[in-house]
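Take a look at the structure set out below.
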Amino acid sequence: MRTGMKVLLIFGLFMIYGAISLALKGGDSSRAGVGGPIGLIVLFACFAGARAIWKYNPDKDNEKQSDGKDKHQLDKNNS
(Lines give C-alpha, C1' and ligand atoms only; values in the text may rest on other atoms or scores of the structure.)
Protein backbone atom coordinates (compact mmCIF):
# COMPACT_ATOMS: atom_id res chain seq x y z
CA MET A 1 0.00 0.00 0.00
CA ARG A 2 1.39 3.37 -0.87
CA THR A 3 2.26 5.93 1.77
CA GLY A 4 -0.27 8.50 0.53
CA MET A 5 -3.13 6.04 0.82
CA LYS A 6 -2.01 5.07 4.33
CA VAL A 7 -1.98 8.73 5.37
CA LEU A 8 -5.49 9.23 3.96
CA LEU A 9 -6.81 6.15 5.76
CA ILE A 10 -5.27 7.25 9.06
CA PHE A 11 -6.71 10.75 8.58
CA GLY A 12 -10.14 9.23 7.97
CA LEU A 13 -9.75 7.05 11.06
CA PHE A 14 -9.04 10.08 13.24
CA MET A 15 -11.99 11.95 11.70
CA ILE A 16 -14.24 9.05 12.67
CA TYR A 17 -12.67 9.07 16.14
CA GLY A 18 -13.44 12.80 16.42
CA ALA A 19 -17.11 12.18 15.66
CA ILE A 20 -17.28 9.35 18.22
CA SER A 21 -15.51 11.47 20.83
CA LEU A 22 -17.92 14.35 20.25
CA ALA A 23 -20.85 11.98 20.63
CA LEU A 24 -19.42 10.65 23.90
CA LYS A 25 -19.16 14.20 25.24
CA GLY A 26 -22.83 14.80 24.50
CA GLY A 27 -22.28 17.14 21.57
CA ASP A 28 -20.60 19.81 23.72
CA SER A 29 -17.25 20.47 22.06
CA SER A 30 -16.24 22.99 24.74
CA ARG A 31 -15.87 20.23 27.35
CA ALA A 32 -12.34 18.98 27.83
CA GLY A 33 -11.39 15.32 27.95
CA VAL A 34 -11.79 12.22 25.85
CA GLY A 35 -15.26 11.13 26.93
CA GLY A 36 -14.62 9.05 30.02
CA PRO A 37 -13.36 5.48 30.21
CA ILE A 38 -15.15 4.48 27.02
CA GLY A 39 -13.48 7.40 25.27
CA LEU A 40 -10.07 6.20 26.44
CA ILE A 41 -10.77 2.73 25.08
CA VAL A 42 -11.84 4.20 21.74
CA LEU A 43 -8.75 6.45 21.68
CA PHE A 44 -6.37 3.53 22.26
CA ALA A 45 -8.24 1.48 19.65
CA CYS A 46 -7.82 4.35 17.21
CA PHE A 47 -4.07 4.47 17.84
CA ALA A 48 -3.84 0.69 17.42
CA GLY A 49 -5.77 0.94 14.15
CA ALA A 50 -3.47 3.69 12.89
CA ARG A 51 -0.45 1.55 13.75
CA ALA A 52 -1.96 -1.45 11.97
CA ILE A 53 -2.70 0.63 8.88
CA TRP A 54 0.84 1.99 8.83
CA LYS A 55 2.49 -1.42 9.26
CA TYR A 56 0.31 -3.21 6.69
CA ASN A 57 2.36 -4.32 3.69
CA PRO A 58 0.58 -6.57 1.19
CA ASP A 59 3.81 -7.11 -0.79
CA LYS A 60 5.31 -9.15 2.05
CA ASP A 61 2.19 -11.33 2.24
CA ASN A 62 2.43 -12.06 -1.48
CA GLU A 63 6.11 -12.98 -1.20
CA LYS A 64 5.34 -15.62 1.42
CA GLN A 65 2.71 -17.26 -0.77
CA SER A 66 4.47 -16.91 -4.11
CA ASP A 67 7.27 -19.41 -3.47
CA GLY A 68 4.88 -22.28 -4.20
CA LYS A 69 6.08 -24.43 -1.33
CA ASP A 70 3.77 -25.63 1.38
CA LYS A 71 5.67 -25.51 4.64
CA HIS A 72 3.02 -27.22 6.73
CA GLN A 73 3.25 -30.94 7.30
CA LEU A 74 0.03 -32.91 7.51
CA ASP A 75 -0.20 -35.65 10.08
CA LYS A 76 -1.26 -38.78 8.22
CA ASN A 77 -1.79 -42.28 9.54
CA ASN A 78 -0.71 -44.98 7.13
CA SER A 79 -2.56 -47.74 8.95
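The first residue of the sequence shown is numbered 1, and numbering continues consecutively from there.
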From Leu13 atom CG to Lys6 atom NZ, the distance as rounded to the nearest 0.5 Å: 14.5 Å
Cluster companions of Phe11 among Ile, Leu, Val, Met, Phe, Trp, Tyr (side-chain spacing under 4.5 Å): Met15
Same apolar cluster (I L V M F W Y, side chains within < 4.5 Å links), Ile41/Phe44: no
Cluster overlap Leu22 with Leu43, hydrophobic side-chain contacts below 4.5 Å: no
Same apolar cluster: Ile53 and Val7, side chain cutoff 4.5 Å: yes
Ile38: side-chain contact (heavy atoms from CB on, under 4.5 Å) partners, not counting sequence neighbours: Leu24, Val42
Partner residues of Phe14 under the ring pair (Phe, Tyr, Trp, His ring centres under 6.0 Å) criterion, sequence neighbours left out: Phe47
